[in-house]
A.B. asks: 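Mind looking over this structure? Questions follow.
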Amino acid sequence: MMNIMHPALRRLDLNLLPVFDAIYRHRSVRLAADELAMSTSALSHALSRLRISLNDPLFYREGHRMCPSVYATQLAPVIASALKVLNQELSPQRQFDAAVSTECLQIAITDFTAFCIFPALMNTLQHAAPGLRLELRYLPHSPALTELLAGEVDLALGFSTAEDIRYPELEEISWFQDEYVVISNASRSALTLEDYLAARHLVVTPWNEKQGVLDLQLERMGYTRQIAIKTPSMLSAPFIVAESDLLMALPRFAAERLMPAANIKLFALPFDISPFEVKIYSHKRSGKRDATNWVKTTLRTLAEGLPSVRL
């Protein structure tokens with residue numbers, strides 16, 4: 001036998017519940033009718049239908065007041081609570097207004113993206129969207145596609161990957177590209193390919209990856225490099241390089257921003273490789289789509305102003 005869901009609701013006109021709630025609060029058919037913009041006869045007819053549906057008188061007239069029955073008194077807080085929740089949840093979503101929004105967005109990042117763009121982003125938000133809140137999350141892999149699919153994050157800033165096409169429900173846009181450069185301690189005066197291959201290297205591996213894009217490219221060229229240290233933190237790496245004979249490859253924008261803080265020199269990467277590319281990923285059916293679209297537009301505008309990067 002078929003299991004009928006919500007049998008009580010199927011036999012009840014739910015439009016009658018606001019009628020019950022208004023009469024209970026006002027204890028008056030006239031005042032309830034005024035609140036609901038109904039005639040008193042229409043409201044009385046609705047009350048009669050509700051009495052039949054619930055098999056209870058619900059209200060008794062005592063003078064000019066409508067006094068609730070025991071059953072009505074039991075129902076009243078439940079109906080009031082249900083109407084409040086439904087009214088809140090079923091109200092049309094407000095159009096996103098950055099200036100007054102208090103939305104909180106979860107954003108998956110690397111320390112590179114946080115270091116390069118979030119100082120400028122927060123400078124923009126403090127004027128354009130002072131109530132908008134961001135929670136930045138470091139995740140164990142990039143990009144954070146599974147977290148986006150699960151609704152655990154609203155945006156993910158990550159490196160491009162061939163796996164993106166597996167998830168048509170996700171949206172990706174190119175954020176920016178940058179060229180790789182090499183940094184060393186201040187004593188180095190030149191950097192050839194032979195110098196690069198002979199040196200020891202520091203490699204940033206935020207997700208403990210076994211092989212990075214530079215090593216893959218060197219392997220295609222028939223070379224390998226000597227990796228002396230791997231670290232998940234890009235921000236500590238330049239200071240390690242400054243105090244050692246290690247070399248480190250990283251995007252130019254980050255290198256140039258770090259130079260005033262660490263005693264390092266910058267050199268061109270002595271072999272060709274595709275640019276470092278970062279994309280912004282979001283879910284097409286996000287419940288915060290207007291807010292995420294606004295942040296994506298803001299991020300792209302800020303990327304246009306970054307020196308040395310290509311959109």
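Predicted model, so just to flag it, every value in this text is computed and none were measured.
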A.B. asks: What about the rings of Phe20 and Phe59, do their centers lie closer together than 6.0 Å?
C.D. replies: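 For Phe20 and Phe59, the ring centres are under 6.0 Å apart.
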A.B. asks: Counting the benzene-type ring for Trp, do Tyr196 and Phe267 have ring centres under 6.0 Å apart?
C.D. replies: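 No; Phe267 has its ring centre 6.0 Å or more from that of Tyr196.
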A.B. asks: Give, for atom CG of Leu17 and atom CG of Leu50, the distance between the pair rounded to the nearest 0.5 Å.
C.D. replies: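 Atom-to-atom, Leu17:CG and Leu50:CG are 7.0 Å apart.
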A.B. asks: Does the side chain of Gln106 come under 3.5 Å of the side chain of Glu147 through a donor N or O and an acceptor N or O?
C.D. replies: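 No, because no side-chain N or O of Gln106 sits under 3.5 Å from a partner of the opposite role on Glu147.
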A.B. asks: What's the shortest heavy-atom distance between Lys296 and Ser282, and which atoms?
C.D. replies: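 In terms of heavy atoms, the two residues are closest at NZ-OG, 2.8 Å.
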A.B. asks: Can you sort out the partners of Arg200 under salt bridge (Lys or Arg N to Asp or Glu O under 4.0 Å), two or more places apart, ordered by chain and number?
C.D. replies: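 For Arg200 the salt bridge (Lys or Arg N to Asp or Glu O under 4.0 Å) partners, ignoring immediate neighbours, are Asp245.
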A.B. asks: So, His26 and Glu35: side-chain donor and acceptor under 3.5 Å apart, yes or no?
C.D. replies: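 Result is yes, a qualifying pair exists.
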A.B. asks: Which atoms form the tightest heavy-atom contact between Leu269 and Ala249, and what is the distance?
C.D. replies: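 So the two residues come closest at CD1-CB, 4.4 Å.
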A.B. asks: Name the orientation class of the two ring planes belonging to Phe176 and Phe276 (parallel below 30°, tilted from 30 to 60°, perpendicular beyond 60°).
C.D. replies: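 If you compare the ring of Phe176 with that of Phe276, the planes turn out tilted.
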A.B. asks: Has the side chain of Arg137 got a donor or acceptor atom that lies under 3.5 Å from a matching backbone atom of Glu152?
C.D. replies: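 Confirmed, Arg137 side chain pairs with Glu152 backbone.
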A.B. asks: So which atom in Val182 and which in Ala268 form the shortest heavy-atom distance, rounded to 0.1 Å?
C.D. replies: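 Looking at all heavy atoms of both residues, the closest pair is CG2-O, 4.4 Å.
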A.B. asks: What is the minimum heavy-atom distance between Lys288 and Cys104, and which atoms define it?
C.D. replies: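 Heavy-atom minimum between the residues: NZ-O, 2.6 Å.
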A.B. asks: To the nearest 0.5 Å, what is the distance between CG on Leu121 and CD on Gln126?
C.D. replies: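 Leu121 atom CG to Gln126 atom CD measures 10.5 Å (nearest 0.5 Å).
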A.B. asks: Quick one: does Ser81's side chain have a donor or acceptor within less than 3.5 Å of a partner on Val78's backbone?
C.D. replies: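 The answer is no, because no donor-acceptor pair under 3.5 Å joins these two groups.
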A.B. asks: Hey, does the side chain of Trp175 reach the backbone of Leu299 with a donor-acceptor pair shorter than 3.5 angstrom?
C.D. replies: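 Checked: pair present.
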A.B. asks: In sequence, state the C-alpha distance, the side-chain angles, and the governing distance for Tyr281 and Leu157, and then conclude on side chain to side chain contact (heavy atoms under 4.5 Å, CB included).
C.D. replies: CA-CA 6 Å; Tyr281 302 86; Leu157 312 180; over 6 Å; no
A.B. asks: Counting neighbours of CZ on Arg285 that are heavy atoms of other residues, nucleotides or ligands and sit closer than 6.0 Å, is the number greater than 12?
C.D. replies: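 At most 12 heavy atoms, drawn from other residues, nucleotides or ligands, come within 6.0 Å of this atom.
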A.B. asks: Do the charged groups of Glu304 and Arg300 touch, with an N to O distance under 4.0 Å?
C.D. replies: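 No, Glu304 and Arg300 are not salt-bridged.
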A.B. asks: Among side-chain atoms of Ser174 and Glu277, is any donor-acceptor pair under 3.5 angstrom?
C.D. replies: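 Result is yes, a qualifying pair exists.
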A.B. asks: Counting only N and O atoms by type, is there a donor-acceptor contact under 3.5 Å from the side chain of Ser286 to the main-chain atoms of His283?
C.D. replies: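 No.
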A.B. asks: Would you say Glu243 has more than 12 foreign heavy atoms packed within less than 6.0 Å of its CD?
C.D. replies: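 Atom CD in Glu243 is not crowded, with 12 or fewer foreign heavy atoms closer than 6.0 Å.
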A.B. asks: Who are the salt bridge (Lys or Arg N to Asp or Glu O under 4.0 Å) partners of Asp34, not counting sequence neighbours?
C.D. replies: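 With neighbours one apart ignored, the set is Arg30.
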A.B. asks: Please find the pair of heavy atoms, one from Lys284 and one from Glu171, that lie closest to each other, and give the distance.
C.D. replies: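 Result for this residue pair: CG-CB, 4.0 Å.
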A.B. asks: When rounded to the nearest 0.5 angstrom, what distance separates OG1 in Thr298 from CD1 in Ile117?
C.D. replies: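 Thr298 atom OG1 to Ile117 atom CD1 measures 10.5 Å (nearest 0.5 Å).
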A.B. asks: Between Asp154 and Val295, does the side chain to side chain contact (heavy atoms under 4.5 Å, CB included) criterion hold? Intermediate values first, please.
C.D. replies: CA-CA 11 Å; Asp154 303 300; Val295 171; over 6 Å; no
A.B. asks: Kindly indicate, with the supporting measurements, whether the criterion side chain to side chain contact (heavy atoms under 4.5 Å, CB included) is fulfilled by Leu134 and Met122.
C.D. replies: CA-CA 9 Å; Leu134 307 179; Met122 296 313 297; 3.9 Å; yes
A.B. asks: Between Asp56 and Ser69, does any side-chain donor sit less than 3.5 Å from a side-chain acceptor?
C.D. replies: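 Looking only at side-chain atoms, Ser69 and Asp56 do form a donor-acceptor pair, the distance falling under 3.5 Å.
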A.B. asks: I need the minimum non-hydrogen distance between Gln217 and Asp272, along with the two atoms involved.
C.D. replies: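 Smallest interatomic distance, heavy atoms only, reads NE2-O, 3.3 Å.
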A.B. asks: Show, in sequence, the C-alpha distance, side-chain angles and deciding distance for Leu197 and Tyr223, and conclude whether the side chain to side chain contact (heavy atoms under 4.5 Å, CB included) test is met.
C.D. replies: CA-CA 8 Å; Leu197 297 174; Tyr223 302 123; 3.6 Å; yes
A.B. asks: Donor-acceptor pair, Thr113 side chain versus Ile109 backbone, under 3.5 Å?
C.D. replies: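 No.
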A.B. asks: Side-chain polar contacts of residues 229-242 - donor-acceptor pairs under 3.5 angstrom, sequence neighbours left out - could you list them?
C.D. replies:
unit_1: Lys230; atom_1: NZ; unit_2: Lys210; atom_2: O; d: 3.2
unit_1: Thr231; atom_1: OG1; unit_2: Ser233; atom_2: N; d: 3.2
unit_1: Ser233; atom_1: OG; unit_2: Leu235; atom_2: N; d: 3.4
unit_1: Ser233; atom_1: OG; unit_2: Ser236; atom_2: N; d: 3.3
unit_1: Ser236; atom_1: OG; unit_2: Ser233; atom_2: O; d: 3.4

